[in-house]
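The block underneath contains the structure these notes are about, expressed in structure tokens.
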Amino acid sequence: MISLTQAQPATVTADALVIVLARRPDGPVPLGDVPEVVADLVASAADVLALTGDPDEVHRLPAAGLRARSLVLTGAGDGAAPESVRRAVGAATRALAGLANAAVVLPDDGLATLTAAAEGALLGAYTFTRYRTQDQADRRSGAPLEQVQLLLGHRATKVETRAVERAQVVVEAVHTVRDLVNTAPNDLYPAAFADAARAAAKGVKGVKVTVLDEKALAAGGFGGLIGVGQGSARPPRLVKVTYTPSRAKQSVALVGKGITFDSGGISLKPHANMDEMKSDMAGAATVLASVLAAARLGLPVAVTAWCALAENMPSGTAQRPSDVLTINNGTTVEVLNTDAEGRLVLADALAAAVGEGPDLVIDAATLTGAQIISLGRRVAAVMGTDDARDQVVAAAGAAGESMWPMPLPEDLKDGLKSKVADLANVGERWGGSLLAGLFLAEFVGTTPWAHIDFAGPAYNTSGPYGYTPDGGTGMGVRTMVAVLESRCEH
């Protein structure tokens with residue numbers, strides 16, 4: 001929970017008072033309106049603690065002369081850009097797990113800084129303890145920080161209050177994604193995800209959830225979902241979540257890959273790190289959470305989320321390399337590699353989404369290892385039609401998420417040729433993420449479309465940093481909400 005207060009840093013009562021430090025050549029300096037006693041504490045601690053003000057640097061020390069019980073110094077790097085503030089405050093609240101409350105001194109009085117601090121505080125205050133006993137949860141990670149006060153120094157305006165309320169809605173959506181991604185695959189399979197979607201949407205005004213089971217999928221010609229899911233004892237689902245506000249002038253479809261566990265199927269993955277494949281449904285979780293956030297924010301844009309859900313398992317009933325599937329729009333696909341399954345379920349969902357005539361389609365998927373090879377684990381790739389791709393990249397920049405525009409080279413399309421069907425689901429190794437994007441492009445026609453491949457950034461295995469925890473990150477939600485808000489202006 002987050003609140004705005006007029007209280008001053010020297011007099012606020014809290015378990016911790018958080019101060020953002022900027023890196024300077026002659027040593028870190030506290031940002032914001034800090035009392036002399038805080039400046040003195042920072043100065044005296046600088047040498048002892050070797051303070052630098054670098055990102056992710058967090059130190060906690062006694063708060064002598066303050067009403068707060070402790071002082072927390074968190075680095076923002078060279079300046080107070082919104083993402084630097086978001087990350088610094090998030091690093092602090094993440095480090096304060098187990099405490100009841102904290103107060104944050106804002107680096108400046110700008111609305112962008114306030115918004116970033118609110119988001120960072122809430123994003124950092126997250127832990128996943130579903131599978132730990134209470135004793136283990138307390139000992140290993142602690143409960144997330146319960147209360148955060150942002151020190152304004154004045155009475156909050158309506159604009160400031162709305163900014164914080166928006167932050168709470170958006171971060172709640174991020175945490176929904178994190179929780180779903182972190183859930184064990186024996187508990188989160190296609191039907192269970194559908195149940196979770198119904199539960200999450202319950203009571204949200206203007207939202208309707210429709211679930212197609214395996215019989216409805218077969219009758220509807222969803223050959224990609226049926227093919228990928230046929231090897232599992234737990235059959236596929238297509239979950240459609242619609243938000244239809246009155247007087248909406250724009251409609252956006254969000255499509256998410258929802259492979260609740262990906263063994264690779266007959267084209268079995270190596271055993272190393274296969275446990276991470278519980279995260280292969282992050283795209284579906286992201287679009288679900290994004291449409292619910294849009295509804296809670298009351299955005300005047302119609303949004304439909306399509307969650308394409310299957311479990312990709314090897315068995316006597318699994319699809320085989322050389323099988324031919326018929327996608328929802330009638331396109332036939334030769335399956336050359338059963339581990340390139342995400343594009344098959346996305347093809348079905350994209351075809352269905354485009355069939356409803358949206359103004360824009362965005363899909364999100366942990367689609368290719370090639371994305372990680374090309375951009376690393378913290379930057380997502382964005383492809384699609386030029387305007388839609390650029391809109392998503394711009395929204396990501398504004399939201400503080402790292403995404404990079406990638407091309408769809410025509411010369412690579414020959415790699416999708418099949419000797420027996422309209423398309424093959426894989427081609428040569430080189431440019432693998434781009435080739436996957438070209439495959440998806442075959443199912444969107446002329447509709448403006450952007451494809452987000454966040455195979456790396458959706459699931460963090462390298463240790464927590466900033467406001468990002470281990471496991472599910474929730475990346476993509478903030479970008480999608482920003483895109484939807486921009487569509488309200490059309």
Going by heavy atoms in the side chains, are Lys278 and Thr260 under 4.5 Å from each other? no

Close side-chain approach of Val392 and Thr479, heavy atoms under 4.5 Å: yes

Nearest non-hydrogen partners of Ser251 and Val301, listed with the distance: N-CG2, 4.4 Å

Distance in Å, Asp15 CG paired with Ser70 OG, rounded so as to fall on 0.5 Å steps: 7.0 Å

Leu299 backbone acceptor or donor facing Tyr243 side chain under 3.5 Å: yes

Please tell me if the side chains of Leu4 and Leu114 come closer than 4.5 Å, counting only heavy atoms from C-beta onward. yes

Side chain to side chain contact (heavy atoms under 4.5 Å, CB included) involving Ala88 - partner list, sequence neighbours excluded: Val20, Thr74, Ala76

Would a 4.5 Å heavy-atom cut-off, applied to side chains only, mark Thr447 and Leu350 as touching? no

Are the side chain of Glu401 and the backbone of Val379 linked by a donor-acceptor contact shorter than 3.5 Å? no

With a 3.5 Å distance limit and no angle check, can you tell me whether Thr115 reaches the backbone of Ala167 through a side-chain donor-acceptor pair? no

Distance-only polar pair, side chains of Thr13 and Arg67, donor-acceptor under 3.5 Å: no

Regarding Thr304 and Glu356, is there a side-chain donor-to-acceptor distance under 3.5 Å anywhere? no

Measure the shortest side-chain to side-chain distance between Val38 and Leu66 over non-hydrogen atoms and say whether it is less than 4.5 angstrom. yes

Let's go through Arg166 and Glu119 carefully: what are the C-alpha distance in whole Å and the side-chain angles of both, what is the deciding distance for salt bridge (Lys or Arg N to Asp or Glu O under 4.0 Å) to 0.1 Å, and is it a yes or a no? CA-CA 9 Å; Arg166 176 193 177 277; Glu119 290 179 351; 3.2 Å; yes

Worked verdict on Met281 versus Phe261 for side chain to side chain contact (heavy atoms under 4.5 Å, CB included): CA-CA 8 Å; Met281 36 57 65; Phe261 187 77; over 6 Å; no

How many angstroms lie between atom SG of Cys488 and atom CG of Leu297, to the nearest 0.5 angstrom? 9.5 Å

Within a reach of under 6.0 Å around CG of Asp390, are more than 12 heavy atoms found that belong to other residues, nucleotides or ligands? yes

Between Tyr131 and Asp187, is any side-chain donor less than 3.5 angstrom from a side-chain acceptor? yes

Between Glu57 (side chain) and Thr52 (backbone), is there a donor-acceptor pair under 3.5 Å? yes

Glu160 side chain to Thr157 main-chain N or O, any donor-acceptor pair under 3.5 Å? yes

Keeping the roles fixed (side chain from Arg60, backbone from Leu73), state whether a donor-acceptor pair exists under 3.5 Å. no

Decide whether a cation-pi geometry holds between Arg378 and Tyr465; the criteria are a distance under 6.0 Å from NZ or CZ to the six-membered ring centre and an angle within 45° of the ring axis. yes

Note, Lys240 side chain near Lys208 side chain (heavy atom, < 4.5 Å): no

Output for pair (Trp404 CH2, Leu375 CG), nearest 0.5 Å, gives 9.0 Å

One should read off an interatomic distance between Asp453 CG and Thr368 OG1, to the nearest 0.5 angstrom, of 3.5 Å

Show me the pairs that pass salt bridge (Lys or Arg N to Asp or Glu O under 4.0 Å) and involve residues 144-159, at least two apart or across chains. none

CE (Met1) with more than 12 external heavy atoms under 6.0 Å: no

In Å and rounded to the nearest 0.5 Å, what is the OG1 to CZ distance from Thr127 to Arg178? 10.5 Å

Distance only, no hydrogens: is a donor on one side chain within 3.5 Å (strictly under) of an acceptor on the other, for Thr366 and Asp280? yes

Distance-only, no hydrogens or angles: does the Thr183 side chain make a donor-acceptor pair with backbone N or O of Asp179 under 3.5 Å? yes

Tell me the closest heavy-atom pair linking Val89 and Ala117, and the distance in Å. CG1-O, 3.6 Å

Identify the two heavy atoms, one from Val211 and one from Arg237, that lie closest to each other, and give their separation to 0.1 Å. CG1-CD, 3.8 Å

Residue that, paired with Arg478, satisfies salt bridge (charged side-chain N to carboxylate O under 4.0 Å, His left out) out of Glu172, Glu83, Glu485: Glu83

Who passes side chain to side chain contact (heavy atoms under 4.5 Å, CB included) against Ala398, sequence neighbours left out? none

Inspect the surroundings of CG in Asp56 and state if more than 12 heavy atoms from other residues, nucleotides or ligands are less than 6.0 Å away. yes

Which is it for Val361 and Val354 under the side chain to side chain contact (heavy atoms under 4.5 Å, CB included) test, yes or no, and what are the steps along the way? CA-CA 8 Å; Val361 177; Val354 168; 4.2 Å; yes

Do the side chains of Asp359 and Arg487 get close enough for a salt bridge, i.e. N-O under 4.0 angstrom? no

When every non-hydrogen atom of Gly256 is compared with those of Val287, the smallest separation belongs to N-CG2, 3.8 Å

Atom pairs and distances, donor-acceptor, side-chain atoms in residues 39-46, under 3.5 Å, two or more places apart:
{"residue": "Ser44", "atom": "OG", "partner": "Asp40", "partner atom": "O", "Å": "3.1"}
{"residue": "Ser44", "atom": "OG", "partner": "Leu41", "partner atom": "O", "Å": "3.0"}

Report yes if some heavy atom in the side chain of Leu99 is under 4.5 Å from a heavy atom in the side chain of Leu96; otherwise report no. yes

Is there a donor-acceptor contact under 3.5 Å linking the side chains of Thr473 and Asn460? no

One should read off an interatomic distance between Met406 CE and Met383 CE, to the nearest 0.5 angstrom, of 6.0 Å

Across all chains, not counting sequence neighbours, the ring-ring contact (aromatic ring centres under 6.0 Å, His included) partners of Phe443 are Phe439

Apply side chain to side chain contact (heavy atoms under 4.5 Å, CB included) to Leu180 and Asn182, showing your working. CA-CA 5 Å; Leu180 288 170; Asn182 290 332; over 6 Å; no

Within the side chain of Thr468, is there an N or O that forms a donor-acceptor pair under 3.5 Å with the backbone of Pro464? no

Lys257/Asp363 ion pair, N-O < 4.0 Å: no

Is there a side chain to side chain contact (heavy atoms under 4.5 Å, CB included) between Val29 and Leu21? Walk through the geometry before answering. CA-CA 5 Å; Val29 297; Leu21 300 182; over 6 Å; no

Sorted by chain and residue number, the ring-ring contact (aromatic ring centres under 6.0 Å, His included) partners of His175 (sequence neighbours excluded) come out as Tyr126

Does the Thr385 side chain pair with the main chain of Trp449, one donor and one acceptor, at a distance under 3.5 Å? yes

Side chain of Gln371, backbone of Gly456: donor and acceptor closer than 3.5 Å? yes

With heavy-atom distances below 4.5 Å as the criterion, would you say the side chains of Glu276 and Tyr459 are in contact? yes

